[in-house]
Amino acid sequence: MTEHDKGNSNYSRRDALRMMAIGGVAGLIAPNLLGKPAFAQTPPANPTGRIVVGLSQEPTSFNPLMVHNEVDEGVYFSIFDALFRIDPQGVIQPNLAVEVPSQENGGISQDGLAWRIRLRDDVRWHDGEPFTAEDVKYTLELIVNPDFRAWRTLGHALLRDITVVSPTEITWRMEEPFAPYMSFLTETFMVPKHILEKEADPNEAAFNQAPIGTGAFKWGQRIAGDHIELVANPDYFGDGPYIEQLVFKYIPDRTVLYTQFQSGDIDLVGLAYIAPDKYAEASALPDRTVELIPAPQFEFILLNMERPQFKELAVREALYAAMDRKMIIDAIYYGVAGLTETFMPQQSFYYNPDLPVQEFNLDRARKLLDDAGWVPGADGIRAKDGVRLAFANTTTAGDHLREQLQQFLQQTFAEIGVEMTISNLPPAVLWGDFWTYSRFDSAIAGTTYLVASDPDVTLRFHSKAIPSQTGGRGSNNSQYSNPEIDALLEEGARTFDPEKRREIYFKVQEIIRRDLPLLPLYARTLVYGRKAGIEGFVANTNTRTESWHAAGWYWA
Amino acid sequence: MTAFLLKRFMQSLVLLVIVSIIGFIVLNLIPGGPMAQYGLDPGMTQQDIARLEEQLGLNRPLWVQYFDWAWRLLQGDWGTSFRDGNPVLTVIGRHIFATLLLMGSSTVIAVAIGTWIGIRGATHRYSAFDYVATVGAMIALSIPTFWFGLIGIYVFALELGWLPAGNMYTIGDGSILNYLHHLIMPSVVLALVHIAIWSRFMRSSTLDAMNQEFVKTARAKGVSERRVIMKHVVGNALLPMITLAGVQLPSILTGALVTETVFTWPGMGRLFLDSLGYSDYPVVMGLLMFSAILTIAGNLIADIVVALVDPRIRLA
Amino acid sequence: MTALAAHLERSHWWQSRVVRRFLNHRLALPGLVMISLLTIACVVGPYLLPFDSLYIDLRARFSPPLTGQHFLGTDPLGRDIAARLLMAGRTSLLVGFFAMVLSVLVGTIVGVVAGYRGGWINAVLMRTVDGFLSFPSIFLLLALAAALKPSPAFITVIIAVTSWMEVARIVEAEVRSLREREFVLAGRMLGLRGAHIMFREILPNAVGPIIVAATLTVARAILMEAYISFLGYGIQPPLPSWGNMLNGAQQYLASAPWLAIIPGVAITIAVTSFNFIGDGLRDALDVRDDHV
């Protein structure tokens with residue numbers, strides 16, 4: 001994070017990616033991370049005050065390498081650092097590393113296999129020990145330790161011969177070229193070797209309950225079921241922190257979360273954010289800043305492509321044409337959502353804006369089905385070759401907005417002779433084997449398809465990523481299979497040049513839009529809210545948390 | 001007495017085993033399991049999930065998992081929470097205070113109001129007060145607690161703005177007043193049902209006591225009616241209520257569950273629902289055992305007290 | 001022949017002591033009237049209303065009650081709440097009724113067998129009852145609702161699974177006290193089969209407490225259905241139930257409070273009525289009120 005070029009306002013994402021591609025100088029000349037306008041208030045000289053972030057789920061896992069949920073990541077970003085970080089524009093910036101390696105600057109070899117990372121020499125752990133390349137090596141090796149309850153191992157498993165060249169330099173070799181790994185490293189937080197190596201079992205380490213990192217905040221205390229308190233780290237190597245205390249408060253209900261924001265008990269609304277139906281009301285609150293932030297997540301109906309009802313493209317097209325998405329967004333989601341034709345977030349560099357736009361047209365839907373030979377039976381439901389055009393739709397029980405959406409779709413589908421039944425399950429059941437092994441007819445889900453903001457979607461669409469088919473490694477739960485897509489995805493993962501990758505993923509989005517293994521409902525928009533007195537807050541939907549850079553927050 | 005206690009103790013142990021087996025089976029009957037929460041994580045594949053299941057021993061046959069759990073429990077190891085890696089007893093311990101606070105204050109309210117209504121109802125039998133109290137108790141028992149909580153939030157938090165909509169305290173304000181302010185609505189909502197139950201039982205046990213010989217004697221001796229009621233009747237009427245209190249002991253966990261959920265109270269009931277939602281088996285099993293032990297202890301206490309109070313019942 | 005029937009046979013049924021005492025009870029009659037009216041409204045009402053309980057009209061969403069053409073207003077999808085309330089009543093009352101039938105059936109069989117056989121059969125059965133009772137019933141409800149497909153039939157079964165124990169306890173105690181009575185001993189000497197004695201001789205004498213427990217079980221079952229459907233684990237949309245009408249109401253508490261108020265009042269009325277009736281029956285049938 002550098003300070004000396006605050007004025008660089010005619011900056012664009014594409015320029016930055018170019019810069020990054022040509023020599024890894026992005027970290028040196030890119031504007032400061034927050035894009036703070038020059039006239040912004042200046043932060044206090046000493047950390048002062050407290051900011052309470054309200055979360056509707058409870059962070060419970062504090063070792064950033066262990067299996068966890070997205071709600072835990074706000075704590076990680078505040079306590080730990082990764083080698084790189086991804087900024088709000090989607091550009092990868094150095095963090096614990098001094099530069100972003102690329103093929104151009106020699107950090108990554110031309111074949112994409114040999115990597116070299118140079119590290120900062122001025123970073124200390126919260127206990128005063130220096131941070132070195134040994135910690136990086138320890139971290140990367142711990143992730144693939146078979147006894148360690150690690151989170152994602154994707155990418156990490158490809159690393160070989162991790163070598164500490166000097167305290168500030170580390171190299172490794174990759175088993176195969178894997179471009180997304182650079183993005184993955186923005187979510188791989190470094191843990192201290194000198195503390196964890198003493199533990200007999202890192203799964204049960206005391207560290208996991210009172211973590212020590214290099215970040216802007218140190219661990220304070222946790223009142224389980226209620227809140228977590230972090231305190232400023234005065235020796236932080238970057239800018240900030242400007243507040244003395246950062247509190248993550250767990251409020252298990254979104255309505256209560258909002259009420260507490262209204263009453264001023266919490267200063268900033270975190271994960272799960274403000275419900276869409278409260279947006280108008282929240283915007284009118286005095287002394288509060290409420291803004292709409294496009295999220296990387298999108299909501300979609302995933303079709304199980306192995307079900308006989310869905311095998312025919314005409315059926316999928318007809319269903320898509322029968323979805324009145326504008327009405328759904330305007331009425332059920334109070335306009336707080338965006339239309340989308342693809343899984344790629346609109347703010348991504350890889351978003352393809354030229355996809356055909358869906359149109360709500362029941363006549364067209366009926367005609368598509370008529371032409372394909374689906375004829376209405378005695379009960380008004382269409383059928384063809386003994387297959388009734390009837391299916392179940394499943395989503396998480398108790399999500400009342402999705403339940404409204406389901407009932408709305410049920411009514412419009414009935415108008416074109418399609419029977420959709422609702423069969424919802426609790427999340428702990430739905431996202432288990434039922435989802436993984438494609439036991440649903442159709443399901444409504446909301447998630448991002450990108451891992452750490454990288455456009456690679458091999459896990460979602462490659463035919464070798466279908467868990468319900470033998471040898472499938474991934475999460476292609478719709479059981480979509482297309483050799484053309486397979487080839488494109490394999491090429492994309494091997495390609496490091498952003499422009500070339502862009503072409504590839506444009507094509508991927510085009511084919512997915514044509515084949516419709518999923519019917520996009522809308523792109524999620526988050527309603528962020530905070531007290532107007534909070535300065536330095538910047539949203540970054542390339543991460544999964546609002547608290548990705550609490551180091552920059554301060555009270556005006 | 002010793003023989004009786006020994007027999008009851010053995011029966012209780014058997015009961016605990018039954019409860020743990022049923023609990024374990026039912027819990028594992030739920031498809032999905034503890035790893036389902038990662039099913040939507042964009043970078044986690046089912047290989048990662050299978051690896052984690054193996055590391056946690058979740059892929060072993062059910063009976064192996066059960067005996068492993070039971071064996072550890074016998075050695076005093078209640079297991080470790082999947083969610084936050086803490087020992088189950090620590091996790092439960094962290095939520096006890098909130099629940100005890102809520103249950104405690106609602107019990108005080110329920111006993112105070114319930115006793116008063118009960119005695120007054122009995123002494124003014126068939127009066128308008130008695131009639132209203134009876135009908136009121138019936139209605140109180142019929143109102144869904146979660147709904148009553150919602151209406152309370154609507155009226156007192158959203159419309160009038162007098163009381164907070166939930167939570168135990170405001171961060172940064174640890175004063176007793178702040179706790180009390182947050183405590184009012186949930187404890188009253190929770191107390192409602194208990195007032196109803198307590199007043200009904202208090203009424204009938206007061207009536208029983210009033211028909212006892214010694215009360216009639218006292219009256220005959222010319223002791224004032226007020227004195228008779230306060231000294232002789234109430235004291236005797238309260239004794240059987242200990243039974244009721246004993247039987248209600250397990251509701252420490254379940255009684256507050258709904259209220260804790262509606263008012264986002266950080267107690268054991270909510271811990272239970274959260275843990276069930278995340279399939280955090282060790283914590284759910286721990287809470288089930290905890291609740292079963294309370295049930296058994298409550299029944300045992302009730303039996304002993306009844307035996308001590310009423311010599312006609314032989315313990316055998 | 002049941003005990004009730006025996007009572008009734010003595011003269012015209014309306015002259016029987018039980019009926020007279022029931023009718024004289026100050027709560028029972030209002031309870032009976034309320035629940036009858038509610039049932040009739042739920043059965044007939046939907047045919048009289050001009051709206052379909054399932055018809056979605058997003059333009060008409062959130063009409064408050066008593067404004068426009070919707071008497072009780074509309075829900076977030078613009079469906080008529082009055083129509084939904086009555087349809088939901090059918091679901092909730094049916095679930096409550098059949099859950100009662102199931103739990104009384106299971107509870108009675110377990111209670112009679114345990115009470116009559118005694119010995120180790122009694123020990124096993126009654127310890128199982130204790131075991132079920134030591135579970136927080138919400139655990140069994142939610143765990144089973146998650147494990148099974150949430151159809152109305154399964155919800156009924158699940159509620160029954162968590163409510164049969166009370167009946168079993170009452171019947172067991174009753175049967176145990178009847179077991180040594182003369183007419184049972186006489187039956188045994190005549191060489192009647194166990195099942196005959198249990199269900200034809202003893203059971204009719206325990207019918208009073210069973211009827212009372214059954215009434216209270218309906219009340220409890222309606223509350224249970226409401227709670228699990230409120231949490232989203234119960235009756236699935238679009239089929240309305242009083243519980244799932246409340247699902248999501250918390251979200252709209254500030255802007256559309258009637259969504260929460262109306263179904264809750266319906267639940268309270270129905271449950272109160274059953275509790276009133278139960279209380280009246282308890283007095284009319286002379287059932288001792290000594291189990292906690």
Side-chain angles (χ1 to χ4, degrees), chain A residues 50 52 58 60-63 66-67 69-70 146-154 184 203-204 208-209 223-227 247 249-253 255-256 259-260 263 265-266 425-437 445 447-452 459-460 465 467 473-475, chain B residues 30-49 51-52 54-56 80-86 90-91 93-95 98 153 157-158 161 164-173 260-268 270-271 273-274 276-280:
Chain A
R50 172 183 58 214
V52 180
E58 186 184 10
T60 51
S61 171
F62 305 111
N63 182 330
M66 287 179 76
V67 62
N69 290 306
E70 63 184 326
D147 296 326
F148 183 63
R149 294 205 285 271
W151 189 43
R152 301 169 180 161
T153 54
L154 191 70
F184 291 9
N203 293 313
E204 309 280 337
N208 302 347
Q209 302 301 333
I223 307 294
D226 200 72
H227 72 271
V247 176
K249 165 91 178 135
Y250 166 48
I251 299 159
D253 181 274
T255 311
V256 183
T259 320
Q260 305 236 333
S263 67
D265 289 346
I266 61 167
L425 291 169
V429 178
L430 170 54
W431 309 123
D433 290 354
F434 183 79
W435 171 256
T436 311
Y437 294 105
T447 181
T448 170
Y449 265 26
L450 310 187
V451 184
L459 290 178
R460 299 286 183 173
R473 301 176 68 88
S475 38
Chain B
I30 308 174
M35 292 300 130
Q37 52 181 307
Y38 308 112
L40 263 192
D41 187 302
M44 291 264 276
T45 62
Q46 92 286 358
Q47 278 73 26
D48 282 316
I49 286 168
R51 165 180 58 82
L52 285 160
E54 197 183 324
Q55 288 166 342
L56 290 169
T80 320
S81 160
F82 293 158
R83 273 178 85 206
D84 71 357
N86 279 306
T90 314
V91 175
R94 281 170 177 165
H95 291 79
I153 292 176
L158 298 181
N167 260 312
M168 192 156 76
Y169 60 96
T170 314
I171 292 202
D173 185 356
E260 285 181 5
T261 321
V262 173
F263 291 100
T264 65
W265 195 263
M268 288 195 293
R270 214 181 69 201
L271 173 71
L273 275 191
D274 279 2
L276 197 60
Y278 284 101
S279 303
D280 193 348

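Computation of the quantities below employed the complete heavy-atom set of this structure, encompassing side-chain atoms and omitting hydrogens, waters and symmetry-equivalent molecules. As the structure is a prediction and not an experimental result, all values here were calculated from the model. So you know, we letter chains A, B, ... as the sequences are listed, proteins then strands, and number each from 1.
More than 12 heavy atoms of other residues, nucleotides or ligands shown are found within 6.0 angstrom of CD on A/E204.
Of the atoms belonging to A/T436, it is side-chain heavy atoms, and not backbone ones, that fall under 4.5 Å from chain B. Proximity to chain B (any heavy atom under 4.5 Å) is shown, for A/P426, by neither the backbone nor the side chain. For A/E58, the parts lying under 4.5 angstrom from a heavy atom of chain B are both the backbone and the side chain. Interface remark: B/Q37 contributes backbone and side-chain atoms alike to the contact with chain A (heavy atom separation under 4.5 Å). With a threshold of 4.5 angstrom between heavy atoms, A/N63 does not approach chain B through any atom at all. Heavy atoms of A/L450 lying under 4.5 Å from chain B belong exclusively to its backbone. In this structure, no portion of B/S81 lies under 4.5 Å from any heavy atom of chain A. Only the side chain of A/T259 comes within contact range of chain B, judged by heavy atoms closer than 4.5 Å.
When all heavy atoms of B/A36 and A/P427 are compared, the closest pair comes out as CB-O, 4.4 Å. The minimum heavy-atom distance between A/W151 and B/D48, with the atom names listed, is O-OD1, 4.0 Å. Annotation for A/R460 and B/L40: closest pair NH2-O, 3.7 Å, computed over non-hydrogen atoms. In plain terms, the two heavy atoms of A/Q209 and B/D84 that are nearest each other are NE2-O, 2.6 Å. Contact record, B/R94 with A/A224: CD-CB, 3.2 Å, taken as the closest heavy-atom pair. Taking every heavy atom of both residues into account, A/F148 and B/Q55 meet most closely at O-NE2, 2.7 Å.
Between the CG atom of A/L154 and the CD atom of B/Q47 there is a distance of 10.5 Å, given to the nearest 0.5 Å. For the atom pair B/I30 CD1 and A/L425 CG, the distance stands at 12.0 Å (nearest 0.5 Å). Of the inter-residue distances, the one linking A/D433 atom CG with B/M35 atom CE reads 12.5 Å to the nearest 0.5 angstrom.
The closest side-chain donor-acceptor pair between A/Y250 and B/D274 falls under 3.5 angstrom.
No other option in B/L271, B/L56, B/T80 has as many heavy-atom pairs under 4.5 Å with chain A as B/L56. Most heavy-atom pairs under 4.5 Å with chain B: of the set A/G474, A/G432, A/A452, A/S263, this distinction falls to A/G474.
Using a distance-only test at 3.5 Å, with no hydrogens or angles considered, a donor-acceptor pair links the side chain of B/R51 to the main chain of A/A150.
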Subject >> Verdict with supporting geometry, B/D41 and A/R152, salt bridge (Lys or Arg N to Asp or Glu O under 4.0 Å) >> reply: CA-CA 9 Å; B/D41 187 302; A/R152 301 169 180 161; 3.2 Å; yes

